[in-house]
There are 2 protein chains.
Amino acid sequence: MAESLPSCRREFVETAGRLCQRLGLPRSTGQIYGLLYLSARPLSLDDISGLLSLSKASASTGTRQLLAWQAVKQVWVPGDRRDHFEAIGDLRELLRTGYEKFFRPRLERSVTKMEQLHANLEADRKSGALSKEDHAFCKARLAHMATMQNRVTKLLPIAEKFF
Amino acid sequence: MAESLPSCRREFVETAGRLCQRLGLPRSTGQIYGLLYLSARPLSLDDISGLLSLSKASASTGTRQLLAWQAVKQVWVPGDRRDHFEAIGDLRELLRTGYEKFFRPRLERSVTKMEQLHANLEADRKSGALSKEDHAFCKARLAHMATMQNRVTKLLPIAEKFF
DNA sequence: TTATTTGTTCAATTGTAATTGAATGTTCTG
DNA sequence: CAGAACATTCAATTACAATTGAACAAATAA
């Protein structure tokens with residue numbers, strides 16, 4: 001397997017890594033996806049760690065992460081015992097599963113969280129921890145936030161159809 | 001000023017803090033915004049650091065951060081020399097400026113980055129660093145990514161109108 | 001079976017960014 | 001003006017998460 005990357009791939013890998021880093025994900029994971037995204041043939045862990053100058057441990061955890069996100073799949077290469085990895089090239093699908101696995105559950109939990117907060121607010125009002133005016137104010141703000149939540153919830157399916 | 005928070009605000013503050021943390025922003029900044037969002041009256045730096053058990057330094061940097069994001073505004077409280085802060089309650093506006101200041105520039109830069117990558121790809125092809133098949137493969141993948149970029153670019157104004 | 005190749009797990013290190021206390025600068029007050 | 005009240009800046013600390021090397025486990029080959 002090659003030991004160095006052509007400059008276009010090098011730069012792509014770097015960009016992907018920084019994007020992930022900005023999103024709070026491990027840079028190395030982004031680099032791995034970037035590398036695979038521009039690889040015509042599946043790569044082994046050794047290829048990955050070699051080309052990206054990562055430890056095999058990082059390559060292993062990174063690929064497993066990507067497998068969990070369904071951003072990558074394992075493919076069998078005849079005549080080679082090692083696992084090989086290939087990027088899922090369809091970014092629409094990636095977005096879709098990302099939404100399903102990441103955004104939606106969070107959004108749903110945020111709705112129940114809002115309900116909790118509202119209940120809490122009423123309890124505070126009854127226990128006297130909150131004045132009438134403060135209670136009204138908080139209630140209005142929470143209500144506004146809830147309508148925003150609703151809009152996001154309604155927008156996302158539209159966005160999904162858009163892709 | 002009060003020394004402790006009613007439970008509803010306590011929980012809201014915690015939630016806001018964790019949300020920011022997840023987004024890669026300082027937790028304390030989120031907590032400050034959460035606190036102000038549910039405060040009927042503007043708070044001073046001392047109020048903030050006291051109620052959230054933060055150093056005044058953190059309160060200062062956090063509020064300046066929020067000012068830069070236009071998530072908070074300074075208000076003058078008669079008879080008090082200190083700066084006081086109030087949350088911008090309109091989350092729509094917050095989203096809008098967040099999009100303008102954060103997303104849009106990034107999206108634009110990503111477009112020029114794609115052009116760079118494409119140019120790079122052609123250069124690699126010419127220099128022989130890339131086989132014909134590899135070149136075709138990479139070109140297709142970059143093209144696919146570009147169309148996704150276009151869709152995002154087109155979707156965002158729609159989403160903006162939606163709010 | 002034993003030796004070798006491959007992949008994962010885990011403790012330790014490293015790097016990065018948030019947080020703080022102390023120092024500094026600035027504005028008000030008496 | 002001197003002194004106090006505030007806010008900011010900065011160096012140092014702390015907390016956290018990515019990364020690694022080494023130990024371990026599993027599978028294959030000889």
Side-chain angles (χ1 to χ4, degrees), chain A residues 1 13-36 42-69 71-86 102, chain B residues 1 13-36 42-69 71-86 102:
Chain A
M1 229 314 143
V13 160
E14 173 162 358
T15 307
R18 272 216 286 262
L19 176 63
C20 270
Q21 198 170 23
R22 220 169 262 280
L23 295 174
L25 305 170
R27 182 179 61 224
S28 60
T29 305
Q31 290 177 326
I32 293 169
Y33 182 77
L35 176 64
L36 293 173
L43 302 181
S44 69
L45 280 188
D46 291 321
D47 294 332
I48 293 168
S49 63
L51 288 166
L52 299 181
S53 306
L54 291 173
S55 68
K56 213 163 63 161
S58 285
S60 176
T61 59
T63 49
R64 273 179 315 110
Q65 186 83 276
L66 289 167
L67 281 171
W69 298 338
V72 137
K73 68 179 175 188
Q74 262 166 320
V75 301
W76 175 64
V77 171
D80 198 327
R81 253 173 73 198
R82 295 172 294 181
D83 290 339
H84 285 249
F85 299 91
E86 213 176 62
F102 189 78
Chain B
M1 226 316 143
V13 160
E14 172 161 359
T15 307
R18 273 214 287 263
L19 176 61
C20 271
Q21 199 170 23
R22 216 170 267 279
L23 296 175
L25 306 170
R27 182 180 61 224
S28 60
T29 304
Q31 291 176 326
I32 293 170
Y33 183 77
L35 175 64
L36 293 173
L43 302 181
S44 70
L45 280 187
D46 290 321
D47 293 334
I48 293 168
S49 64
L51 287 166
L52 298 181
S53 306
L54 291 174
S55 70
K56 213 160 67 159
S58 284
S60 176
T61 58
T63 50
R64 273 180 315 110
Q65 184 83 276
L66 290 167
L67 281 172
W69 297 339
V72 136
K73 67 178 174 190
Q74 262 167 321
V75 301
W76 175 63
V77 171
D80 198 325
R81 254 175 73 198
R82 294 173 294 183
D83 290 340
H84 285 250
F85 299 90
E86 215 175 60
F102 189 78

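Since the structure is predicted, the reported quantities are computational estimates derived from the model, not experimental observations. Lettering follows sequence order; numbering is per chain, from 1.
Between the P atom of D:dT19 and the CD1 atom of A:Ile48 lies a distance of 14 Å, rounded to the nearest Å. Atom CZ in B:Arg22 sits roughly 18 Å away from atom C1' in C:dA17 (whole-Å rounding). B:Gln74 places its CD atom 7 Å from the P atom of D:dT8, with the value rounded to the nearest Å. At whole-Å resolution of the value, CD in B:Gln21 and C1' in C:dA18 are 10 Å apart. One atom, CG of A:Asp46, and another, P of C:dT5, lie 11 Å apart when rounded to the nearest Å. Rounded to an integer number of Å, the gap from B:Leu54 CG to C:dG21 P is 11 Å. Between A:Asp83 atom CG and C:dT8 atom C1' there is a gap of 11 Å when expressed in whole angstrom units. Between A:Arg27 atom CZ and C:dA17 atom C1' there is a gap of 14 Å when expressed in whole angstrom units.
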Could you go through the side-chain contact (heavy atoms from CB on, under 4.5 Å) check for A:Val13 and A:Leu51 one step at a time? CA-CA 10 Å; A:Val13 160; A:Leu51 288 166; over 6 Å; no
From CA spacing to verdict: side-chain contact (heavy atoms from CB on, under 4.5 Å), B:Tyr33, B:Leu25: CA-CA 12 Å; B:Tyr33 183 77; B:Leu25 306 170; over 6 Å; no
Test A:Asp47 against A:Ser44 for side-chain contact (heavy atoms from CB on, under 4.5 Å), laying out the working first. CA-CA 5 Å; A:Asp47 294 332; A:Ser44 69; 3.1 Å; yes
Check the pair A:Ser28 / A:Leu52 against side-chain contact (heavy atoms from CB on, under 4.5 Å), numbers first and verdict last. CA-CA 9 Å; A:Ser28 60; A:Leu52 299 181; over 6 Å; no
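Each of A:Leu66, A:Val72, A:Thr61 was scored for a side chain to side chain contact (heavy atoms under 4.5 Å, CB included) with A:Thr29, with one residue passing: A:Leu66.
Residues B:Phe85 and B:Leu67 are in side-chain contact: their nearest non-hydrogen atoms beyond the backbone lie under 4.5 Å apart. For the pair B:Leu36/B:Glu86, no side-chain contact is recorded, criterion being any heavy-atom separation below 4.5 Å from C-beta on. When side chains are defined from C-beta on, B:Leu45 does not count as touching B:Arg82, because their heavy atoms never get closer than 4.5 Å. A:Asp83 is not listed as a side-chain neighbour of A:Thr63, based on a closest heavy-atom distance of 4.5 Å or more.
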Protein N or O to nucleotides 3-5 of chain D N or O, pairs below 3.5 Å:
| residue | atom | partner | partner atom | Å |
| --- | --- | --- | --- | --- |
| D:dA5 | O4' | B:Arg81 | NH1 | 3.4 |
| D:dA5 | N3 | B:Arg81 | NH2 | 3.1 |

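Near DNA chain D, meaning a heavy atom under 4.0 Å from it, residues 55-65 of chain B has B:Lys56, B:Ala57, B:Ser60, B:Arg64 in order of number.
Looking at heavy-atom distances under 4.0 Å, A:Ser28 makes contact with sugar-phosphate atoms alone, never a base.
Two residues, A:Gly24 and B:Ser44, neighbour DNA chain D, and the one matched to the more 5' nucleotide by heavy-atom proximity is B:Ser44.
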